[in-house]
Amino acid sequence: MAAITPLSVSLPFSKRDGRASLSWSSSLPNIKLATTTSILSSSTRTPRQGFVVQAAWTRRSRSEAAKRPNRKSWKQRTDMYLRPFLLNVFFSKRFIHAKVMHRGTSKVVSVATTNSKDLRNTLPSLTDNNACRVIGNLIAERSKEADVYAVAFEPKKNERIEGRLALILDTIQANGIIFVD
């Protein structure tokens with residue numbers, strides 16, 4: 001069998017004025033490696049003492065996340081490019097407001113509200129189901145005029161898609177606007 005020749009590498013701490021140096025080489029441990037002259041003699045190897053391999057970080061540690069809590073997640077950073085147009089619907093006691101916004105630039109693409117002069121004077125009620133259908137038609141038409149054919153809608157935390165909101169969304173979808181998840 002081939003003989004094992006030990007090779008020892010030692011990186012001493014450099015001292016200046018009696019204090020240990022803080023250079024990067026001084027932070028490395030003393031490494032003792034064993035080299036073999038033959039691959040077949042792997043069974044006679046001695047385990048490496050003091051040899052540590054540290055893996056690269058794949059995610060931020062908890063302490064790093066605590067230091068920078070305002071860092072946005074990957075979805076938060078890329079979502080506005082994957083789903084650029086957002087539908088916003090608001091119901092007040094007296095009116096219904098809906099708008100389509102571009103997320104990246106915060107520009108309003110289309111707006112429809114029952115508070116506008118033409119709808120306020122023509123509709124008998126500004127908050128009923130018929131008003132919801134009219135708002136849905138107007139948003140769909142105005143979005144198509146602005147060349148927006150796909151819109152994302154994100155309901156709020158405890159918001160259910162039912163009733164008047166469902167009427168508006170169904171009317172928009174029936175008029176050819178696609179809802180993107």
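A continuous path of hydrophobic side-chain contacts links V134 to V89 [ILVMFWY only; heavy atoms under 4.5 Å]. Residues F179 and I161 share a hydrophobic cluster, clusters being chains of Ile/Leu/Val/Met/Phe/Trp/Tyr side chains in contact below 4.5 Å. Linking ILVMFWY side-chain heavy atoms closer than 4.5 Å, directly or via other members, places F153 and M80 in two distinct hydrophobic clusters. L87 and V180 sit in two unconnected hydrophobic clusters of ILVMFWY residues. Membership requires side-chain heavy atoms under 4.5 Å apart, directly or through other members. By the criterion of side-chain heavy atoms lying less than 4.5 angstrom apart, applied directly or through intervening Ile, Leu, Val, Met, Phe, Trp or Tyr residues, L169 is grouped together with L138 in one hydrophobic cluster.
Here CD1 of I178 is found 13.5 Å from CD1 of I172. Values are rounded to the nearest 0.5 Å. For the atom pair CD (E154) and CG (N88), the distance works out to 10.5 Å, reported to the nearest 0.5 Å. Put simply, CG on L167 and CD1 on I96 are 9.0 Å apart, with the number rounded to the nearest 0.5 Å. Within the model, atoms CG of D147 and CD of E145 stand 10.0 Å from one another, a figure rounded to the nearest 0.5 Å.
Two residues are said to be in side-chain contact when any heavy atoms from C-beta on lie closer than 4.5 Å; K144 and I177 meet this criterion. Using a 4.5 Å cut-off on side-chain heavy atoms (C-beta onward), M101 and S106 make contact. Inter-residue side-chain proximity for E159 and L165 is flagged as met; some heavy-atom pair is nearer than 4.5 Å. N137 places a side-chain heavy atom less than 4.5 Å from the side chain of N175. Taking 4.5 Å as the limit, every side-chain heavy atom of C132 sits out of range of all side-chain heavy atoms of I135.
Closest approach of L123 and T114 over heavy atoms only: CD1-CG2, 4.2 Å. Considering every non-hydrogen atom in both R133 and T171, the closest pair reads O-CG2, 3.4 Å.
Checked by atom type and distance alone, the side chain of S143 never pairs as donor or acceptor with a backbone atom of A140 at under 3.5 Å. Counting only distance, with no hydrogens or angles, the side chain of R120 and the backbone of N115 share a donor-acceptor pair below 3.5 Å. In this structure a side-chain-to-backbone donor-acceptor pair under 3.5 Å is present from R142 to V111. With hydrogens and angles disregarded, no donor-acceptor distance shorter than 3.5 Å links the side chain of T127 to the backbone of F95.
Take R164 and apply the salt bridge (charged side-chain N to carboxylate O under 4.0 Å, His left out) test, not counting sequence neighbours, and it matches no residue.
Relative ring orientation between H102 and F85 is described as perpendicular, the plane-to-plane angle rising above 60° on a 0-90° scale split at 30° and 60°.
Atom CZ of R94 has 12 or fewer neighbouring heavy atoms from other residues, nucleotides or ligands inside a 6.0 Å radius.
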